[in-house]
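The structure appears right after this line, and notes come after that.
Nothing here was measured: the structure is a model prediction, and the numbers come from that model.
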Amino acid sequence: MPKNSKVVKRELDDEVIESVKDLLSNEDSSDDAFKKSELMVDDQEEKDADVEEGSDVEDERPAWNSKLQYILAQVGFSVGLGNVWRFPYLCQKNGGGAYLVPYLILLLIIGIPLFFLELAVGQRIRRGSIGVWNYISPKLGGIGFASCVVCFFVALYYNVIIGWSLFYFSQSFQHPLPWDQCPLVKNTSHTFVEPECEKSSATTYYWYREALNISSSLSESGGLNWKMTICLLAAWVMVCLAMIKGIQSSGKIMYFSSLFPYVVLLCFLIRGLLLNGSVDGIRHMFTPKLEIMLEPKVWREAATQVFFALGLGFGGVIAFSSYNKRDNNCHFDAVLVSFINFFTSVLATLVVFAVLGFKANIINEKCVIQNSEKILKLLKIGNLSQDMIPHHINFSSITAEDYNLVYDIIQKVKEEEFDSLGLKSCQIEDELNKAVQGTGLAFIAFTEAMTHFPASPFWSVMFFLMLVNLGLGSMFGTIEGIITPIVDTFKVRKEILTVICCLVAFFIGLIFVQRSGNYFVTMFDDYSATLPLLIVVILENIAVTRIYGIDKFMEDLKDMLGFSPSQYYYYMWKYVSPLVLLCLLVASIVQMGLSPPGYNAWIEDTAMEEFHSYPTWGMIVCISLMVLAILPVPIVFMVRRCNLIDDSSGSLASVSYKRGRIIKEPVNLEGDNTSLIHGKSPSEVPSPNFGKNIYRKQTGSPTLDTAPNGRYGIGYLMADMPDMPESDL
């Protein structure tokens, strides 16, 4: 046998069947033998053609080194910044501990079933989001392109947040921390506190003026903020280096980026519980307000949080899952990752409110001291009588309980003129009720609390390093949701595509590091992902349950997993989840219509935020973001529907990766009604014209289902089909 022949080498015991004609004539009577057969091709020219089709021809499709690495990758993608600064806010705002009830219910109704669905199709077809939905129905191939566009939009601004965290991380290696005190301004005559800082707080001033150097409106760009530009560049370099080799490089980083945040959260929880007032914060957090739980808004926000917490619709889940073995138990993975995500959110909530309880206690103590001094002044000038003050009260060391007792007495005695006295009620609950989320929580409230920690620089370094790692874990999945589908579909080199993608994203991302960049981050966060992703996931559900067929899909899952999934998923996928998603889509559109489109601008003179409406061009950008994200769906549908691109029978091919070469497996032999997972036996489909081929019978191998799309359909049955393009798009 020539050394350079295109041959699949195996140890075979039986004779060679010399003719394809002889084999096909015995197909019906020797169906089992046919299933075990292996296509042998002896044509150097065809080999060269195959090499040109795929650059990774000498490699297998990349695979996870271990199950742990894969689970950490999925956890790193799903557990992100929202678990730390969004979930605690929603929990506080929507009924405390009672909020966990609708969240858990919706996690079971839409979270786990849809997460399981994405894991299953990615793992079985072993392609990115574009290839998966092209495989099911070419007319719905735009779903994958829409996911890629949304991933790109989100990556643009999400990495800016990592850049902000890198800036604070770099500034944390000094004592005292630079945001500990308001800066002093010197002039020719005297020194005074910076007015903008004095009107707000040290941490607020540092965030808006020192870090962002923010402008007063969206239209006032103010030029680039060079400090944040450098941090953004560093963030993209980190992402690029981690992703340049795909999961071979990012998978190893996952061991640190996914586990380190849990170490930090546990350290913060232990430290927080030892702080004065932390128990008050946790008690406030988990005190259920059952009446709020019945409001529709609570369920809408819980559904939205479940949806985005698991990364549904981004394509990252499908991309990561596509590197699994086909018989991996993805049902177990879906349940495990979903509940890890949930318990991470609860852990982060405990940490946040333990620290905020400590911060509220400090602010409350200051309030008591300041108002006690006011009471002493009122006693001296005779506005208050000494007789109304209980004898055991000592104003030099007054407690919060004693102050509130005096406050209540004065309020009752001086009822008519009480407001003129200027006294404040110093209650920890009042401070804890001031809900903060997002950057306000991470870069203002939490940083202020950490300034009161012993060894505050150490805790600041740990906190912002945790934010960087949380962000990177999500960025890896987001970028994988862009890179994997394009590499699978267009066969470009992953290294080159990764570098180009990161460079383009960095240069576009410069709009976020202008002085007005924070307002653009808000715009993209509000409009680039919410509605498009909801539409994408609804179409995913419809594609599997209606177009492909829910009954066939359940059979495919049984074939892949080795057991039948619960009928619970059948009813969730077919009826409940689509209905809930449609309700969520309608509620989101209504909410968007009722909420005036705008942003909170920081006004330097007043040192306060002020709501501004978007200018006309800003509204055009908002609408364009939503339209561009979902536009691939109708475009691909019309292209396929009108046959603008040839979509003849057998025009698509799925790719299986096997050591030594890329193998094309025929799909879509009957138009859109293709077999997603459960392959047809050779007798049920037309036999292609193989050309110069030699089949050998294989008897020494274990019995395997070797249908192209069967459980072990990874290329055991190989057909050389040079006329079938990988994709028409």
Checking [X] side chain against [Y] main chain: does a donor-acceptor pair fall under 3.5 Å?
X	Y	answer
Q123	R326	yes
N329	F332	yes
S577	I109	yes
R546	K574	yes

Less than 4.5 Å apart, side chain to side chain, heavy atoms only: is that true for [X] and [Y]?
X	Y	value
D488	R126	no
V536	I630	yes
L312	V317	no
F152	V504	yes
V306	F115	no
M243	V499	no
R300	L584	yes
S321	E118	no

Gap between atom [atom2] of [Y] and atom [atom1] of [X] - 0.5 Å precision:
X	Y	atom1	atom2	answer
L497	I483	CG	CD1	4.0 Å
C501	I496	SG	CD1	14.0 Å
I535	I143	CD1	CD1	11.0 Å
T498	I479	OG1	CD1	8.5 Å
M254	F476	CE	CZ	5.5 Å
L510	F507	CG	CZ	7.0 Å

task: Decide yes or no on side chain to side chain contact (heavy atoms under 4.5 Å, CB included) for F512 and L232, but give the supporting numbers first.
output: CA-CA 9 Å; F512 302 107; L232 178 63; 5.8 Å; no
Which pairs would a plain distance check flag for residues 560-568, meaning a side-chain donor or acceptor within less than 3.5 Å of a matching protein atom at least two apart in sequence or in another chain?
residue: S566; atom: OG; partner: Y568; partner atom: N; Å: 3.0
residue: Y568; atom: OH; partner: L108; partner atom: O; Å: 2.5

Centroid-centroid distance, [X] to [Y], less than 6.0 Å:
X	Y	result
F116	Y569	yes
F342	Y103	yes
F145	W133	no

Please find the pair of heavy atoms, one from [X] and one from [Y], that lie closest to each other, and give the distance.
X	Y	value
F320	Y70	O-CE1, 3.7 Å
L470	Y158	O-OH, 4.5 Å
A146	V633	CB-CG2, 4.0 Å
L534	S588	CD1-OG, 3.7 Å
W573	P113	NE1-O, 2.8 Å
A120	L557	CB-CD2, 3.6 Å

task: With sequence neighbours left out, write down each residue that passes side-chain hydrogen bond (donor to acceptor under 3.5 Å, both in side chains) with Y599, or none if nothing qualifies.
output: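 Y599 satisfies side-chain hydrogen bond (donor to acceptor under 3.5 Å, both in side chains) with no other residue.
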- request: May I ask you to decide if the ring planes of F524 and F153 are parallel, tilted or perpendicular, using 30° and 60° as cut-offs?
  value: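 Perpendicular, since the angle between the ring planes exceeds 60°.
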- request: Validate the cation-pi geometry between K552 and Y548: distance from NZ or CZ to the six-membered ring centre under 6.0 Å, angle to the ring axis within 45°.
  value: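 Satisfied, under 6.0 Å and within 45°.
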Less than 3.5 Å apart, which donor and acceptor atoms pair up between the side chains of residues 334-341 and the rest of the protein, not counting sequence neighbours?
residue: S338; atom: OG; partner: A334; partner atom: O; Å: 2.7
residue: N341; atom: OD1; partner: N83; partner atom: ND2; Å: 3.3
residue: N341; atom: ND2; partner: S78; partner atom: O; Å: 3.1
residue: N341; atom: ND2; partner: S78; partner atom: OG; Å: 3.4
residue: N341; atom: ND2; partner: A309; partner atom: O; Å: 3.0

message: Working note: Y527 + V621, criterion side chain to side chain contact (heavy atoms under 4.5 Å, CB included); need CA distance, chi angles, decisive distance, verdict.
response: CA-CA 9 Å; Y527 292 96; V621 172; over 6 Å; no
task: List the steps and the verdict of side chain to side chain contact (heavy atoms under 4.5 Å, CB included) for Q74 and D333.
output: CA-CA 9 Å; Q74 291 286 16; D333 300 342; over 6 Å; no
field: Contact list for residues 613-629, test side chain to side chain donor-acceptor pair (under 3.5 Å), sequence neighbours left out
entry: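 Those involving residues 613-629 do not exist here.
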query: With sequence neighbours left out, which residue pairs that include part of residues 476-487 fulfil the side chain to side chain donor-acceptor pair (under 3.5 Å) condition?
result: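 Every side chain to side chain donor-acceptor pair (under 3.5 Å) pair that includes a residue of residues 476-487, provided the two are not neighbours, is Y323-E480, Y323-T484, E480-T484.
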message: Given P485, which partner from the list S322, C148, S147 fulfils the side-chain contact (heavy atoms from CB on, under 4.5 Å) test?
response: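 For P485, the side-chain contact (heavy atoms from CB on, under 4.5 Å) test succeeds with only one of S322, C148, S147, which is C148.
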field: Criterion side chain to side chain contact (heavy atoms under 4.5 Å, CB included) on I482 and V149, from CA distance to verdict
entry: CA-CA 8 Å; I482 302 171; V149 173; over 6 Å; no
field: Results of side chain to side chain contact (heavy atoms under 4.5 Å, CB included) for L90 - residues two or more places apart only
entry: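 For L90 the side chain to side chain contact (heavy atoms under 4.5 Å, CB included) partners, ignoring immediate neighbours, are R86, N94, Y99, E301, Q305.
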